[in-house]
Amino acid sequence: MAAESEGAIDPIHQFVIEPMFHVGGLTVTNSAAYMIAILVVATFVMIFGTAPKALVPGRLQSLGEVAYEFVATTVRGSAGHEGMRFFPLVFSLFMFVLIANLIGLIPFTFSVTSHIIVTFALAAIVILTVILYGFYKNGLHFLGLFVPSGVSPVLLPLLVLIEVISFISRPISLSVRLFANMLAGHITLNVFGGFVAMLLASGTWAVILSPLPFAMTVALSALELLVAFLQAYVFAILTCVYLNDAIHPGH
Amino acid sequence: MASTEQTNTEVGHDGGHASGVFPPFDPSTFGSQLLWLAIIFGALYVLMSRVGLPRVEGILAARKAAHEGDLAEAARLRAETEEAIAAFEKALADAHAHAEEIGQSTRDKLNAEIMARRKAFDAELTANLDAEEHTIAANKAKAMQNVGEIATESTIAIIQHLTGQTPSAADASAAVSHVSNA
């Protein structure tokens with residue numbers, strides 16, 4: 001908070017991507033470093049943690065099992081038993097988003113999911129999977145997704161148009177929802193945190209007001225923890241819903 | 001790859017937001033982020049789908065199998081216990097019945113023996129009684145006969161003493177029998 005204590009609140013600075021060091025021909029930016037951290041955490045829980053293969057699990061193995069069962073239940077509930085072929089994809093998406101969001105909650109860290117290009121790429125993976133698998137499994141019947149059944153022929157063109165627009169907007173809504181939640185949350189936290197620093201640094205009677213934004217920061221941190229989990233869950237469950245359309249395109 | 005490095009270097013020179021572009025919408029960082037996302041997400045997907053998830057699935061399946069195995073084993077042991085209890089109760093009932101049978105047969109046998117012995121003893125007693133009665137009767141007859149002789153001899157002695165004459169034994173005997181018959 002050194003920069004803030006000088007006066008100006010700069011809530012945008014936390015999203016800046018800077019190169020940290022170079023490995024071979026690759027530049028490791030802060031974003032890349034946090035992505036590596038996500039991979040390390042996920043691997044730690046799901047591979048290192050489950051290595052004992054204990055019948056009675058330890059803490060870390062329990063965590064891995066809970067994550068597995070949670071995502072598996074979500075996939076089975078939304079995309080049915082056939083949807084389980086996409087379980088590794090949904091699980092990877094969920095873990096990536098969840099860990100990225102949670103790491104981002106630690107002060108002074110960087111949130112990978114606060115960049116639209118990352119969330120859009122993740123959404124694109126989902127939508128491309130839906131389209132490719134939809135055509136692969138159902139052929140041209142997949143286009144039936146855009147034709148609601150039991151509608152009068154007069155209204156049909158309009159409804160098909162609406163369905164197509166709704167389908168196209170899916171990757172946009174999926175990516176913007178996550179991006180905007182993370183961005184807004186981090187800006188808000190930063191602004192209120194900055195208020196605390198400003199009030200303390202002001203050296204006037206206003207110092208006594210500093211607990212107010214601090215309490216707000218604490219409350220917002222709790223809210224952001226909920227949002228971090230909820231957005232990962234929403235991303236996973238919407239992925240399942242969209243995949244369900246690819247598996248069962250008929251309305 | 002080279003272009004990625006190029007863009008990153010540019011970002012570094014810019015010092016981020018100093019260029020006035022909102023960082024999440026700065027296209028110069030997109031290439032680098034997409035490249036790293038592809039590497040990391042690809043690695044994550046491979047690690048999860050090849051190692052992590054099959055392992056957890058195995059753990060859960062093993063646990064489920066162990067639970068079911070334990071339950072089946074418990075059910076089997078309980079059935080065995082119930083069988084053993086039933087067998088024990090049957091053996092106990094059999095033993096009771098057998099003991100009853102032995103007791104009854106022993107009692108019957110002993111009763112029969114007692115009856116037989118008593119009958120034999122009765123018969124023996126009856127036989128002895130008859131024999132004794134015979135002996136008594138014979139002795140009585142003999143005694144009666146002796147009484148006659150004694151009376152005759154006494155008669156002879158009395159008459160001899162009174163009359164001085166000696167009657168014949170035959171007369172005396174006739175007189176005695178005449179008197180005793182009257």
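Chain A is the first sequence line, chain B the second, and so forth, proteins listed ahead of strands; every chain is numbered from 1. All of these numbers come straight from a predicted model, not from anything done at the bench.
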Side-chain touch [X]/[Y], heavy atoms, less than 4.5 angstrom:
X: Phe41(B); Y: Leu39(A); result: no
X: Phe30(B); Y: Ile17(A); result: no
X: Pro23(B); Y: Ile12(A); result: yes

Which atoms of [X] come close to chain B, meaning under 4.5 Å heavy atom to heavy atom: side chain ones, backbone ones, both, or neither?
X: Thr50(A); answer: both
X: Ala54(A); answer: backbone
X: Leu89(A); answer: both

- line: Ser92(A) and Tyr45(B) have their tightest heavy-atom pair at OG-CA, 3.5 Å
- prompt: Do you know which two heavy atoms are closest between Ser32(B) and Thr29(A), and how far apart they sit?
  reply: OG-CG2, 3.8 Å
task: Select, from Phe96(A), Phe87(A), Phe48(A), the one with the greatest count of heavy-atom pairs under 4.5 Å involving chain B.
output: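 Going by pairs under 4.5 Å, I would pick Phe96(A).
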Greater than 12 external heavy atoms within 6.0 Å of [X]'s [atom1]:
X: Glu100(B); atom1: CD; result: no
X: Lys53(A); atom1: NZ; result: no
X: Arg117(B); atom1: CZ; result: no

message: Which residues pass the ring-ring contact (aromatic ring centres under 6.0 Å, His included) test with Phe70(A), not counting sequence neighbours?
response: Phe94(A), Phe229(A), Tyr233(A)
- request: Drop me the distance from Phe91(A)'s CZ to Leu44(B)'s CG, to the nearest 0.5 angstrom.
  value: 8.5 Å
field: Inter-residue atom distance Met35(A).CE - Leu37(B).CG, 0.5 Å rounding
entry: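 Here the interatomic distance stands at 5.0 Å.
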- prompt: Of all the residues in residues 46-67 of chain B, which have a heavy atom that comes within less than 4.5 Å of a heavy atom in chain A?
  reply: Leu47(B), Met48(B), Ser49(B), Val51(B), Gly52(B), Leu53(B), Arg55(B), Val56(B), Glu57(B), Ile59(B), Leu60(B), Ala62(B), Arg63(B), Ala66(B)
query: Does anything in residues 142-171 of chain B get under 4.5 Å of chain A by heavy atoms, and if so which residues?
result: none
- prompt: Which is it for Leu26(A) and Trp36(B) under the side-chain contact (heavy atoms from CB on, under 4.5 Å) test, yes or no, and what are the steps along the way?
  reply: CA-CA 9 Å; Leu26(A) 279 176; Trp36(B) 275 105; 4.0 Å; yes
- prompt: Of all the residues in residues 112-130 of chain A, which have a heavy atom that comes within less than 4.5 Å of a heavy atom in chain B?
  reply: Ser114(A), His115(A), Ile116(A), Ile117(A), Val118(A), Ala121(A), Leu122(A), Ile125(A)
